[in-house]
Amino acid sequence: MAEAEAYYITTPIYYVNDKPHIGHAYTTLACDVIARFMRLDGRDVMFMTGTDEHGQKVAQSAEAAGIDPLAFCDRVSQNFRDLTPLMNFSNDGFIRTTEERHTKACQAIWQAMVDSGDIYLDSYAGWYSVRDEAFYGEDELVDGPNGEKMSPFGAPAEWVEEPSYFFRLSQWRDRLLAYYDEDPNRILPISRRNEVLSFVKGELRDLSISRTSFDWGVPVPGDDKHIMYVWFDALTNYLTAVGYPDTEDESFKTYWPADVHMVGKDILRFHAAYWPAFLMSAGLAPPKRIFAHGWWTVEGQKMSKSLGNFIPPHDMVEKYGLDQTRYFMMRELPFGNDGNFSHTAMVNRMNSDLANDFGNLAQRVLSMINKNCEGLVPSPGLLTVDDGALLVPARELVDKMRARIDVQAIHLSLAALWDVVGEANRYVDTQAPWALKKTDPERMATVLYVLAEVIRHLAILAQPVVPEAAARMLDQLAVPEDQRSFAALTEAGMLRPGTALPKPQGVFPRYAGPEEDT
RNA sequence: GGCUCCUUAGCUCAGUUGGUUAGAGCACGGGAAUCAUAAUCCCGGUGUCCCCAGUUCGAGUCUGGGAGGAGCCA
């Protein structure tokens with residue numbers, strides 16, 4: 001038995017101070033769909049998400065709430081842990097940067113970077129914004145209403161002057177460029193890759209990676225007046241999760257380096273430039289792929305605090321259904337692009353693609369079998385050219401979808417699946433089994449068998465995106481639990497004639513809520 | 001200010017190395033069918049392919065300029 005090939009995929013860790021909205025759910029959902037696909041495809045998957053709990057802002061929020069920072073984090077990180085059951089995520093763990101193991105990992109990688117001569121003590125003077133967690137140049141600042149200095153994003157900025165440890169990022173330019181060159185798909189989409197390339201090709205400055213002005217974070221080893229810069233701390237979670245610093249650990253040896261770091265486009269630079277440089281400096285392999293996805297707007301408008309138009313994932317799931325929500329977010333826009341959420345688009349997708357095309361296909365076929373074949377999987381006769389014209393594309397579908405998932409083109413993998421759904425609906429019409437019932441019952445049985453077998457393929461392949469509905473479809477085809485992976489998409493997994501099927505029930509209802517409610 | 005990407009049917013987008021009448025889905029109109037969640041199937045039109053100029057026998061596809069949009073950096 002060949003050992004399953006490992007696959008490690010991560011979401012960013014989310015900032016505990018935020019309230020989860022569809023943007024967070026979207027990132028994790030994309031990873032979930034890919035992780036489920038890989039598991040069904042026989043890969044040994046590690047899928048991680050978590051929360052980023054350090055930094056001055058968190059400490060300030062905790063103080064405002066009148067509790068200590070850890071108690072505060074315990075409370076608010078729950079909001080993100082709750083996304084897993086709500087969205088049916090299949091993450092293999094949930095990491096928090098306040099865990100003891102994470103402190104150890106951060107200090108270990110720091111020490112490794114010190115040992116390779118890439119960290120040095122100097123002093124930092126400049127404008128810093130607590131809210132943005134970022135430093136700014138004098139020329140980037142804007143004047144606030146009372147003449148105070150503000151960051152370009154309108155956050156208060158203060159002049160800070162303090163000792164700081166620096167990372168020799170400037171020394172890593174060529175090695176980073178070589179790393180990008182090794183794989184044309186290193187950073188996707190390509191437009192994002194170009195951005196990173198132009199950033200790194202420009203003048204790379206050394207990076208300040210510690211602060212002395214607050215203490216809610218990971219202390220620098222050997223100099224605990226210094227707290228690690230929050231990004232240094234946060235990025236290291238990807239290592240912590242697989243057992244670092246124990247590089248002999250089975251988990252670390254199996255899963256590192258990560259196959260995909262999924263990130264929002266706003267944090268690409270940290271992942272595509274700083275992080276690989278940190279890792280290489282510490283003698284560790286950099287990630288194989290960084291994918292930056294886009295943002296959702298809502299009814300054409302940006303989500304923002306001032307508009308208060310954040311959509312809590314819970315609201316979408318409640319209103320449209322869980323699998324419907326999952327499908328919409330993965331299908332509506334090319335993965336990587338920005339996209340717009342609208343009630344109309346949501347209802348269109350859920351009614352056209354799910355209810356009318358896929359759901360109704362299963363329902364019409366299963367009903368005919370239920371009524372005309374005594375509720376048993378029918379016995380096929382000799383297959384015709386028409387049958388092959390449907391069966392062959394269904395059997396080739398898994399390869400087509402895999403090729404697309406490999407480059408995170410989730411929307412295209414779904415489009416391929418729906419192509420076959422369309423073929424199947426056309427086949428139903430041209431074969432007209434309801435007419436065959438009177439003229440040629442044996443041929444009717446063959447047609448219904450072919451359809452049931454194609455639906456088996458479709459349901460198995462739809463599991464990553466609509467796990468519950470696909471499972472119900474497979475239940476209705478009496479497909480055993482252990483026959484639902486992609487390995488069953490062969491002749492050996494074919495439906496057995498004579499198997500009793502339960503009475504069919506629709507799995508994708510049409511939208512039944514209020515008509516105009518946007 | 002520098003750089004990157006985008007601008008194609010009402011909407012969302014495909015358009016490979018330049019080559020005959022520019023495509024898909026949704027929406028819309030007509031027809032067929034009646035197994036099914038009134039779902040399905042067939043047929044149909046619309047496009048100054050952002051604008052201008054150039055290269056070419058020939059450009060949505062290449063070059064230059066311009067307009068609008070998004071983003072990265074200073």
Side-chain angles (χ1 to χ4, degrees), chain A residues 134-141 152 187-205 264-270 272-273 292-297 299-300 302 321 324 328 331-342 344-373 378 404 409 411-412 414-419 421-438 444 447-448 451-452 455 469 472-473 476 503-512:
Chain A
F135 294 99
Y136 295 103
E138 182 84 43
D139 54 338
E140 290 180 278
L141 298 176
I187 299 165
L188 291 177
I190 296 298
S191 57
R192 298 290 162 204
R193 173 194 166 87
N194 292 343
E195 284 178 10
V196 173
L197 245 54
S198 72
F199 168 71
V200 172
K201 280 177 179 165
E203 196 187 342
L204 277 187
R205 287 185 287 194
K265 61 184 183 179
D266 57 326
I267 55 174
L268 177 60
R269 185 164 26 118
F270 296 99
H293 64 70
W295 295 137
W296 283 94
T297 53
E299 303 292 346
K302 243 180 184 167
Q324 285 81 357
F328 175 82
R331 181 69 186 88
E332 180 64 8
L333 56 107
F335 192 61
N337 286 14
D338 288 349
N340 177 50
F341 171 83
S342 77
T344 308
M346 175 76 221
V347 172
N348 267 344
R349 284 288 176 197
M350 122 174 221
N351 285 350
S352 304
D353 296 3
L354 295 178
N356 296 354
D357 292 345
F358 193 17
N360 184 56
L361 169 68
Q363 183 67 10
R364 67 200 298 208
V365 169
L366 290 167
S367 292
M368 281 188 273
I369 290 175
N370 184 59
K371 288 176 189 161
N372 304 312
C373 307
R404 294 169 175 194
H411 61 294
L412 291 181
L414 293 175
L417 193 150
W418 255 260
D419 283 346
V421 169
E423 289 296 326
N425 271 321
R426 277 186 283 281
Y427 174 89
V428 176
D429 271 59
T430 55
Q431 300 300 318
W434 52 88
L436 294 168
K437 182 170 140 186
K438 296 162 197 156
M444 176 197 74
V447 166
L448 292 179
L451 282 164
I455 292 168
R472 270 182 286 147
M473 229 177 244
Q476 295 183 29
K503 192 173 161 59
Q505 277 189 319
V507 296
F508 291 119
R510 290 175 64 80
Y511 178 71

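None of these values were measured; they are calculated from a predicted model.
Remark: A59(B) base-pairs with no nucleotide in the shown strands. Criterion, Watson-Crick or G-U wobble with two distances under 3.5 Å. In this structure, G47(B) forms no base pair with any nucleotide, since neither Watson-Crick nor G-U wobble geometry is met with both distances under 3.5 Å. When both distances must be under 3.5 Å, the Watson-Crick or G-U wobble mate of A33(B) does not exist.
Between U37(B), C13(B), C5(B), one nucleotide has an atom nearer to the side chain of Pro334(A) than all others, and that is C13(B). For Gln363(A), whose side chain is taken as the heavy atoms from C-beta onward, the closest listed nucleotide among C73(B), A36(B), A33(B) is A36(B).
If you measure from atom CG of Leu268(A) to atom C1' of U4(B), you get 13 Å, rounded to the nearest angstrom. Here the P atom of nucleotide A39(B) and the CG atom of Asn348(A) are 12 Å apart, to the nearest Å. Regarding Asn351(A), its CG atom lies at a distance of 15 Å from the P atom of U37(B), rounded to whole Å. Atoms CZ (Arg510(A)) and P (A36(B)) sit 17 Å apart, rounded to a whole Å. Whole-Å rounding puts the Asn337(A) CG to C6(B) P distance at 11 Å. Atom-to-atom, CZ of Arg331(A) to C1' of A24(B) comes out at 10 Å; the value is rounded to the nearest Å. Note: CG (Leu414(A)) to P (G25(B)) measures 17 Å, nearest angstrom. In this structure, CD1 of Ile455(A) is placed 12 Å from C1' of C35(B), rounded to the nearest angstrom.
Residue contacts for Val507(A): at a heavy-atom cut-off of 4.0 Å it reaches a base atom on one of the strands shown. Residue Arg349(A) is classed as having no contact, given no heavy-atom separation below 4.0 Å to the nucleic acid. Counting any heavy atom pair closer than 4.0 Å across all strands shown, Arg205(A) reaches sugar-phosphate atoms only and no base atom. Gly202(A) comes within 4.0 angstrom of nothing in the nucleic acid, heavy atoms only.
Counting only distance, with no hydrogens or angles, the side chain of Asp338(A) and the backbone of Trp295(A) share a donor-acceptor pair below 3.5 Å. One N or O on the side chain of Asn351(A) and one on the backbone of Tyr511(A) form a donor-acceptor pair closer than 3.5 Å. Side-chain atoms of Arg192(A) do not come within 3.5 Å of backbone N or O of Ala292(A) as any donor-acceptor pair. In this structure, the side chain of Thr297(A) engages the main chain of Gly339(A) through a donor-acceptor pair within 3.5 Å.
Both Ser198(A) and Lys371(A) lie near RNA chain B, and the one whose nearest nucleotide falls closer to the 5' end is Ser198(A). Looking at which nucleotide of RNA chain B each of Asp353(A) and Phe508(A) is closest to, the 5′-most match is held by Asp353(A).
Considering all non-hydrogen atoms of both residues, Gly506(A) and Gln363(A) come closest at N-OE1, 3.3 Å. Across Gln476(A) and Pro504(A), no two heavy atoms sit closer than the pair OE1-CA, 3.3 Å.
Using a 30° and 60° split on the angle between ring planes, Phe358(A) and Phe508(A) fall in the tilted class, from 30° to 60°.
Going from the P atom of G58(B) to that of A53(B) covers 15 Å, rounded to whole Å. Rounded to whole Å, the P atom of A59(B) lies 11 Å from the corresponding atom of U20(B).
Within the 4.5 Å cutoff, the side chain of Arg364(A) has no heavy atoms near those of the Leu451(A) side chain.
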So which protein nitrogen or oxygen atoms get under 3.5 Å of nucleotides 40-42 of chain B's nitrogens or oxygens?
unit_1: U40(B); atom_1: OP1; unit_2: Asp357(A); atom_2: OD1; d: 3.3
unit_1: U40(B); atom_1: O2'; unit_2: Arg364(A); atom_2: NH1; d: 3.1
unit_1: U40(B); atom_1: O2'; unit_2: Asp429(A); atom_2: OD1; d: 2.8
unit_1: U40(B); atom_1: O2; unit_2: Asp429(A); atom_2: OD2; d: 3.3
unit_1: C41(B); atom_1: O4'; unit_2: Asp429(A); atom_2: OD2; d: 3.0

